[in-house]
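Report on one structure; see the data block that follows.
Throughout, protein chains are lettered first and strands after them, A, B, ... in sequence-line order, and every chain is numbered starting at 1. As the structure is a prediction and not an experimental result, all values here were calculated from the model.
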Amino acid sequence: MPTTLAKQYDPQEAQHRWFSYWEERGYFNADPDPEKQSHTIMIPLPNVTGALHMGHALNGTLQDLITRWRRMQGYEALWMPGTDHAGIATQAVVERRMLEEEGLTRHDVGREALVNRIWKWKDTYESRILSQLKQLGASCDWRRTRFTLDEVCSRAVRRTFFKFFDDGLIYRGKRLVNWDTYLQTAVADDEVFREEVDGSFWTFTYPVVGSEEHISFSTTRPETMLGDTAVCVHPSDERYTHLIGQKVTIPLMDREIPIIADALLAKMDMGTGAVKVTPAHDPNDYACGLRNKLPMINILNSDGTINENGGKYSGMDRYEARQRVVEDMNAAGHYHGVEERKMELAHSDRSKTPIEPYLSDQWFVKMDDLAQAAMDAVSDGRVRFYPQRYAKTYLDWLGEKRDWCISRQLWWGHRIPIWYCDTCTEAELQQAFDDRDDVVFRRDAEDRCWLICSETDLEADCLGPGHTLTQDDDVLDTWFSSALWPHATLGWPDTQHDPPLDDAAPASDDGKNHVLDYFYPGSVLVTSRDIITLWVARMVLTGLYNMGDVPFRHVCIHPKILDGFGQTMSKSKGNGVDPMDLIDKYGTDAVRFTIASFAGETQDVRLPVGYECPHCEAVIAQTLEHQTMIPAGGEKPRIDCPKCKKSSQFSSPWFDPDPGEAVARVVSERFEYGRNFCNKLWNASRFALMNLEGYQPGPVDRSELMLEDRWILSRLSRVVEDVNTYLGRYQFDAATRAIREFTWNEFCDWYLEMIKPRLRDDELRPVAQRVLVSVLDGLVRVLAPFVPFITEELWQRLNEVAPQRPVIGSEDLSPAEASDSIMTASWPEIPASLQDSGLEDRFERLQETIVAVRNVRAVYSIPPATPLKLHMRCDESAAGEIQDVSSQFENLAKTMLESVGATVERPSGAASFSLKDADGYIPLEGVIDREEELGRQQKEADKLRKFIEGHQKKLSNANFVERAPAEVVNDVRETLAGLQKQLESVELIISQLSDS
RNA sequence: GGGCGUAUAGCUCAGUUGAUUAGAGCGCACGGUUCACAUCCGUGAGGUCACAGGUUUGAGUCCUGUUACGCCCACCA
């Protein structure tokens, strides 16, 4: 009995079933196999802060596509999963929650308790993210899942830090950081956003010492006056040259500071031309301070209040101090007005509070040699970017060789493995650590204390009584651990054992890490362009440093998904789209297929979305207002459906809808592309399975193949070749288009239609069935990396009906047993010898003829069921070919081929059409409207004349004939001749129409 | 301010190294209850390839400039 498929594909059911099936059978697992070549992809580790977004969905789809493709090609393909602890992002989320729900700050609970809370958070969100990746169909080796703070990764972090330190690449220095006074932490530049606020621009004066003169300057932050250590003017500013070298008094502090000249800081045409210098609280002033060796006075406490250096203002909040400074300067007669102005102010992305520049001790990695090595790897092609232009971003950034500040004032992260001691002697240290090769120490740069770096934790009392070791409070920049991802996840620095699986000890124990040896270096990194510098560059750098080899050969940079208004999607903009909404609505395969079709090399992709009314399913287009609908307090915002007039809560990054509420989920028309494709594939397969009754495996001789068989095999061969080429270049959009076009416009629209009569014919059926099965088998394989679930479903059904399927690669399509699962099926290898351009051209003529007949039918509104007659005029060679396929005219156009040949005449009262090498006539006595037909032919003739004119113009240009390649000229001549012949035919028709 | 990118049909996007009559999906119009599929089938309309110059026998494609938009970096007392 033939297996029949349900009328519609049920994606949700199939996804659930097949994913478990694959996982249980270990199909995602990758282990070193000397018989095979390795293929490694390291996932760009998602943060454990929240849920998966569209960017992840795109990124994950592409990696899975490549991994499945390579796996089918016979590679041992590892896709390495894991998540990132994401230092500040995660800590900030947990802290914010704690404050909102319990009114507690981290200082209330303490370091250990906070870190414990974050671990709990991590467990929840990590599993949520991983399960979402699985819903996407991600064929990662889940046994190898790593987390940047786990044991394996921690060892790598410690070892790397230790090596850096030992090699003198790590130093401690001062740096002006972005200080978040609310979270009391330093914030990275990329975690700062600028926002326009109303501000004041005050002008004050400082009295010049020993003179009646005053020097005036303007500032937006008067309180920094407390920390001024100079006033600066431009060296060639004649208004001030006589004052350079003199001193002024800061009235409120009664402190004298010099007037200096610095062309880099002072701009003559800005403000008064003179500027106060506060090196400890402004980046430019800091640089100026370094150049001029100015003292640096820190006036802030970490909570944003003024410290003891602020004199009588100490203890005040900085904003209160600002007000008081203005008042006091005014009272002292040094206030010279204020101007209200808008200004851009840096804010912390996490706490949304204004940033203060703040001078602090930080740890740095020297970038000179490390950066150079990483640049070389790209310059000499050991690492290649796709598209290539992104190499520039990488090289430009590394070229600055700015030292990498790796310390963060946080509690969540890898604690810096440095211990301080300022009481012991070198001899004591030597004695204590003499037998330790995992401990090194040296004096700090300012000779204040010993810096002891250790790979393993040191006890505070390990130097014995009298000395106490204290560990540095800071943690490492998140990117420090993610930079090690490609080799850390494979177990480095342990080169003696394989890394653990499912966090259990490794099985093999022969003194080698086979996993690291086998899977490093990786094959390709798939990521988005915004972390080329932060992440990609640093992975190359540490890979070269630790492993002596690049971490991956290729870097594939894919587009970003923008919202319908062309903005990048982000939670702070409120325009995020939850891919789970889409998977729910359209199915995973549909989402994957559509996403793959987005991923080209040039443009970012706009994704207009709408909300689907849960009451009537009407779609309400998302507007910019929707994106900013934030619940202010209690009530969740709602949207109104214009169709059914009901309102509902909606899916949003801002809030979780209330339980039990009907929620308008996000939908997008664009995913119907993928859904419709799956539907088409499903139904084509359904048709095939319905027609496989009595299928018997057996060889097929070439001579038994019909035109359409040879054509579809030729096309399939070509399409597999194209897909290979496109995927090899990471042109996912092109690959998707090629495969869709083949499936829909060739396999379904033509091939299936053409073999229908043979499937009804007992004699012809066996061969038709065999070819049909073999093509469907090949098609399902090619599609598997794109749409794994539906193809597995189809594969299984095919296995029930036709477990023995012809192998297209074999000479006579001899049958072989199909594999148990599409996951273990091999990628189709179809000999290029099946490709036949001549045959494809002839087939195209057949298609054109049929389209032309259908066109006539449509123009004259002839019902599809009414039979037509066709006469074709063409040379004898074409006549034979047309004769051969005459049965298809009837099959596909309900048209009988009455006559064909060079002598065929147009019957009177016939509708006509003209092709490149043949003309067709369809007698329509009584139906045809002469005027209408005449108009139609005139229009055709005009079109042809226009083309002819263009070609003639080209050929009449002597320069073209002389200079263009002969081949091109020839082509034009041939095309012209064809067009002219065609025009003659049309003109003949016109004259006949006019005569009759 | 520096760098990179984009501008092609109503919408979303393709268009290899310059040479075919510039394409697709959606939407639109017209016609379809044929036993795979209305998530479908058939037919069709729709484009001065942002603008201005240039190179070339030939430009959607290369160069220069302009405009608009996007991203990254730097800066903004």
Side-chain angles (χ1 to χ4, degrees), chain A residues 4-5 7-9 189-190 194 201 217-221 224 232 265-267 270-272 274-278 282-285 343-344 387 389-390 392-393 396-397 400 529-530 532-533 560 562 564 566-568 586 590 594 597-598 600-608 668-670 672-691 725 729 731 733-734 737 740-741 745 748-749 752-753 756 851 854-859 861-865 893-894 943-944 946-948 950-951 954 957-965 967-969 971-972 975 979:
Chain A
T4 46
L5 292 181
K7 198 160 178 189
Q8 288 203 342
Y9 170 57
D189 286 346
D190 48 285
R194 293 178 178 276
F201 194 56
F217 58 89
S218 300
T219 179
T220 57
R221 295 189 296 155
T224 58
C232 175
L265 185 67
K267 304 263 181 336
M270 301 259 306
T272 64
V275 53
K276 62 196 260 332
V277 186
T278 323
D282 180 277
N284 294 308
D285 293 6
M343 49 191 209
E344 295 267 301
R389 63 174 181 275
Y390 290 110
K392 190 172 160 51
T393 307
D396 285 355
W397 185 79
E400 291 181 29
R529 72 178 103 86
D530 39 15
I532 289 173
T533 53
K560 298 182 77 160
L562 311 176
Q567 309 169 315
T568 50
Y586 304 99
T594 307
S597 80
F598 287 165
E601 290 187 292
T602 48
Q603 298 209 56
D604 288 339
V605 184
R606 284 184 190 220
L607 185 65
S668 168
E669 238 177 32
R670 307 231 15 217
E672 290 171 14
Y673 179 81
R675 187 200 54 185
N676 294 355
F677 176 76
C678 290
N679 178 254
K680 191 69 182 174
L681 173 67
W682 182 259
N683 277 291
S685 308
R686 181 163 176 260
F687 169 80
L689 289 166
M690 286 167 83
N691 283 283
T725 306
R729 295 184 195 145
Q731 293 171 347
D733 59 336
R737 260 198 314 274
R740 179 187 186 279
E741 228 168 85
N745 305 113
C748 290
D749 286 353
L752 291 185
E753 294 302 328
K756 278 179 179 175
V851 168
R854 285 171 177 169
N855 181 12
V856 167
R857 203 184 272 282
V859 166
S861 303
I862 303 164
K894 276 275 182 305
K943 210 166 98 187
L944 286 166
K946 221 178 87 193
F947 297 149
I948 287 171
H951 283 72
K954 260 190 185 175
N957 182 341
N959 278 324
F960 172 72
V961 179
E962 256 169 55
R963 301 196 197 183
E967 211 182 272
V968 173
V969 178
D971 279 356
V972 173
T975 311
L979 286 169

Whole-Å distance, A:Lys560 NZ to B:G70 C1', equals 10 Å

Paired to B:U61 by Watson-Crick or G-U wobble criteria (both distances under 3.5 Å) is none

Requested in this report: Examine distances only and state if a side-chain atom of A:Asp282 and a backbone atom of A:Thr278 form a donor-acceptor pair shorter than 3.5 Å.
Outcome: no

Per-nt protein contacts along nucleotides 13-18 of chain B (heavy atom under 4.0 Å; B base, S backbone sugar-phosphate only, - none) come out as SS-B--

Taken in chain and number order and not counting sequence neighbours, the residues that satisfy side-chain hydrogen bond (donor to acceptor under 3.5 Å, both in side chains) with A:Tyr586 are none

Atom CG of A:Asp530 and atom P of B:C4 are separated, to the nearest Å, by 19 Å

By the Watson-Crick or G-U definition, both distances under 3.5 Å, B:C40 is matched with B:G32

Please determine, by modelled atom types, if A:Thr568 and A:Lys560 share a side-chain donor-acceptor pair under 3.5 angstrom. no

P atoms of B:G15 and B:G5, separation to the nearest Å: 15 Å

B:C49 -> Watson-Crick or G-U wobble partner, both distances under 3.5 Å, gives none

Worksheet item: If you measure from the P atom in B:C72 to the same atom in B:C41, how many Å do you get, rounded?
Response: 41 Å

(Q) Taking only side-chain N and O atoms of A:His951, does any of them lie within less than 4.0 angstrom of OP1 or OP2 on B:U21? (A) yes

Applying the 3.5 Å cut-off to both distances, the Watson-Crick or G-U partner of B:C69 turns out to be B:G5

B/S/- along nucleotides 36-45 of chain B (protein heavy atoms under 4.0 Å) is BBSBSSSSS-

As its Watson-Crick or G-U partner within any shown strand, both distances under 3.5 Å, B:G25 has B:C11

Could you tell me whether A:Ser218 contacts a base, only the sugar-phosphate backbone, or nothing, with contacts defined as non-hydrogen atoms closer than 4.0 Å?
sugar-phosphate

Between CD1 of A:Ile862 and C1' of B:C30 the distance, given in whole Å, is 15 Å

Under a 3.5 Å limit on both distances, the Watson-Crick or wobble mate of B:U55 is none

